[in-house]
Visitor: 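What follows is a single structure, and I will ask about it in a moment.
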Amino acid sequence: MDKIGRLTLKTPAGAEIALQDVAKVRLIAAPASLTRDMQKMTVTVSANIDAKDKAGIIAKITNDLNAVELPSGVVREVKGVSEDIEESFVQLFLAMVASIFIVYLIMVVSFGNASAPFSILFSLPLALIGGFYGLLVAKETINVTSLIGFLMLIGIVVTNAIVLIDRVQQLREEGCGIREALLEAGATRLRPIIMTAGATMIALMPLALGFSKGAIMSKGLAVVVIGGLASSTLLTLIVVPVVYDLIESSKLRFSRSLRGQEQAAIHAKGTTVVS
């Protein structure tokens with residue numbers, strides 16, 4: 001500090017004076033540089049996350065930071081990977097909703113009615129059960145790749161239900177009853193459904209077991225698809241036919257009730273009262 005105070009300055013008159021004669025020199029703590037964001041002073045602390053569960057680590061860091069008491073006027077904010085993960089999650093959830101809606105519209109156009117596609121959509125919750133259970137067994141977290149697996153399941157699982165209900169619709173057009181058509185379709189379409197689902201699950205086993213390159217990124221996807229296919233293939237053959245039977249039986253009862261009311265109204269109009 002003395003050396004700084006003895007630094008000489010030249011006045012406009014040409015005389016030389018020491019800095020300590022015109023200023024008070026002292027040592028204080030101050031930042032080496034100032035960074036501002038939206039006109040506010042900011043301090044950035046960054047780190048690289050090497051672990052696979054980035055979302056879990058970010059959540060733990062956020063909880064630890066929330067437990068720290070900060071001075072008045074000082075706020076904290078976690079950015080970087082957390083923002084990217086949140087944005088990816090939102091986009092994937094929107095993509096799932098849009099894909100379900102589009103798949104339903106395509107099935108309505110293909111089947112020519114809205115009830116059969118509605119019963120097919122009940123296969124999707126069955127896939128979610130297996131997907132989450134697969135993540136639990138494999139000790140995987142819900143991340144971007146696992147959400148992509150759930151997005152893939154929407155198309156894969158619905159295909160199995162379509163194969164079953166399409167055959168039911170064909171049999172009903174040939175004159176079969178609802179129960180008879182469901183039993184016949186379940187027996188004839190059981191083998192192709194199991195074969196296609198089994199082939200897909202076997203093809204994804206190397207990824208799920210980590211035998212291939214990039215398995216760290218794709219393991220969650222493979223686990224979700226395998227678990228979702230396993231549960232949906234078994235439960236679709238039970239739940240979807242039951243839902244289809246309930247919907248179609250309700251439609252038949254409702255149509256019969258309407259016809260009965262129409263016939264009663266016609267009969268009432270054609271009846272004459274004799275006094």
Side-chain angles (χ1 to χ4, degrees), residues 89-132 146-201 221 224-262:
F89 274 36
V90 172
Q91 291 177 353
L92 285 172
F93 280 121
L94 292 177
M96 289 180 188
V97 174
S99 62
I100 293 172
F101 180 71
I102 293 171
V103 167
Y104 180 72
L105 287 182
I106 293 174
M107 289 192 296
V108 169
V109 174
S110 300
F111 282 97
N113 60 75
S115 58
F118 184 75
S119 63
I120 291 174
L121 290 181
F122 276 83
S123 61
L124 296 179
L126 309 178
L128 293 178
I129 295 172
F132 284 118
S146 60
L147 287 180
I148 294 175
F150 283 112
L151 183 61
M152 292 175 58
L153 278 176
I154 295 174
I156 299 173
V157 171
V158 166
T159 302
N160 292 336
I162 290 174
V163 170
L164 177 65
I165 299 301
D166 180 62
R167 180 57 180 167
V168 174
Q169 293 287 94
Q170 293 176 2
L171 292 173
R172 290 193 63 193
E173 291 175 359
E174 295 174 0
C176 295
I178 298 175
R179 299 287 177 86
E180 183 183 356
L182 287 171
L183 292 174
E184 176 66 21
T188 56
R189 296 300 171 93
L190 175 61
R191 183 177 178 183
I193 288 175
I194 292 179
M195 288 176 62
T196 53
T200 305
M201 289 188 289
L221 183 149
V224 167
V225 174
I226 291 174
L229 272 178
S231 64
S232 64
T233 301
L234 296 176
L235 298 177
T236 295
L237 298 172
I238 301 174
V239 176
V240 173
V242 170
V243 175
Y244 181 86
D245 183 27
L246 292 174
I247 294 175
E248 294 300 320
S249 298
S250 300
K251 286 175 59 179
L252 287 176
R253 288 194 297 269
F254 183 72
S255 62
R256 290 171 182 170
S257 176
L258 287 180
R259 285 198 299 267
Q261 293 176 3
E262 291 176 355

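These values consider heavy atoms only, across backbone and side chains, with no hydrogens, waters or symmetry-generated copies.
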Visitor: Donor-acceptor pairs under 3.5 angstrom involving side-chain atoms of residues 94-102: please list them, not counting sequence neighbours.
Guide:
from: S99; atom 1: OG; to: A95; atom 2: O; distance (Å): 3.1
from: S99; atom 1: OG; to: M96; atom 2: O; distance (Å): 2.7

Visitor: What distance do L229 atom CG and M152 atom CE have between them, rounded to the nearest 0.5 Å?
Guide: 9.0 Å

Visitor: Enter the distance from F122:CZ to L246:CG here, rounded to the nearest 0.5 Å.
Guide: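 Rounded to the nearest 0.5 Å, the CZ-CG separation comes out at 9.0 Å.
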
Visitor: First locate atom CZ of R189, then atom CD1 of I165, and finally report the distance between them rounded to the nearest 0.5 Å.
Guide: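 Reported value, rounded in 0.5 Å steps: 10.5 Å.
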
Visitor: Give the minimum heavy-atom separation between G149 and V224, together with the two atoms involved.
Guide: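 G149 and V224 have their closest heavy atoms at C-CG1, 3.7 Å.
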
Visitor: Kindly give the heavy-atom pair with the smallest separation between I156 and V225, and that separation in Å.
Guide: CD1-CG1, 4.2 Å

Visitor: Report the distance from atom CD1 of I154 to atom OG of S123, rounding to the nearest 0.5 Å.
Guide: 10.5 Å

Visitor: Report yes or no: does S231 contribute a side-chain atom to a donor-acceptor pair with the main-chain N or O of G228 at less than 3.5 Å?
Guide: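 Yes, because the side chain of S231 sits within donor-acceptor range (under 3.5 Å) of the backbone of G228.
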
Visitor: What distance do D166 atom CG and T159 atom OG1 have between them, rounded to the nearest 0.5 Å?
Guide: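 D166 CG to T159 OG1: 12.0 Å, rounded to 0.5 Å.
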
Visitor: For residues 175-186, which side-chain N or O atoms pair as donor and acceptor with protein atoms under 3.5 Å away, sequence neighbours left out?
Guide:
from: R179; atom 1: NE; to: D245; atom 2: OD1; distance (Å): 3.3
from: R179; atom 1: NE; to: D245; atom 2: OD2; distance (Å): 2.5
from: R179; atom 1: NH2; to: D245; atom 2: OD2; distance (Å): 3.0

Visitor: State, to 0.1 Å, how close F111 and P117 come at their nearest heavy-atom pair, and which atoms those are.
Guide: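 Looking at all heavy atoms of both residues, the shortest contact is CD1-CG, 4.0 Å.
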
Visitor: Report the distance from atom CE of M201 to atom OG1 of T196, rounding to the nearest 0.5 Å.
Guide: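 Atom-to-atom, M201:CE and T196:OG1 are 9.0 Å apart.
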
Visitor: Kindly give the heavy-atom pair with the smallest separation between P192 and T188, and that separation in Å.
Guide: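 Nearest heavy atoms, P192 then T188: CD-O, 3.6 Å.
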
Visitor: The test is side-chain contact (heavy atoms from CB on, under 4.5 Å); show your working for V157 and L126 and say whether it passes.
Guide: CA-CA 9 Å; V157 171; L126 309 178; over 6 Å; no

Visitor: Which pair of non-hydrogen atoms, one from L147 and one from L92, has the smallest distance, and what is that distance?
Guide: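 Looking at all heavy atoms of both residues, the closest pair is CB-CD1, 3.5 Å.
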
Visitor: Checking T233 side chain against I194 main chain: does a donor-acceptor pair fall under 3.5 Å?
Guide: no

Visitor: Does CZ belonging to F118 count more than 12 external heavy atoms closer than 6.0 Å?
Guide: no

Visitor: Can you name the closest pair of heavy atoms from P241 and L164 and give their distance?
Guide: CG-CD2, 3.8 Å

Visitor: Does F150 have its ring centroid less than 6.0 Å away from the ring centroid of F93?
Guide: no

Visitor: Yes or no on side-chain contact (heavy atoms from CB on, under 4.5 Å) for R167 and L171, after CA distance, side-chain angles and deciding distance?
Guide: CA-CA 6 Å; R167 180 57 180 167; L171 292 173; 3.5 Å; yes

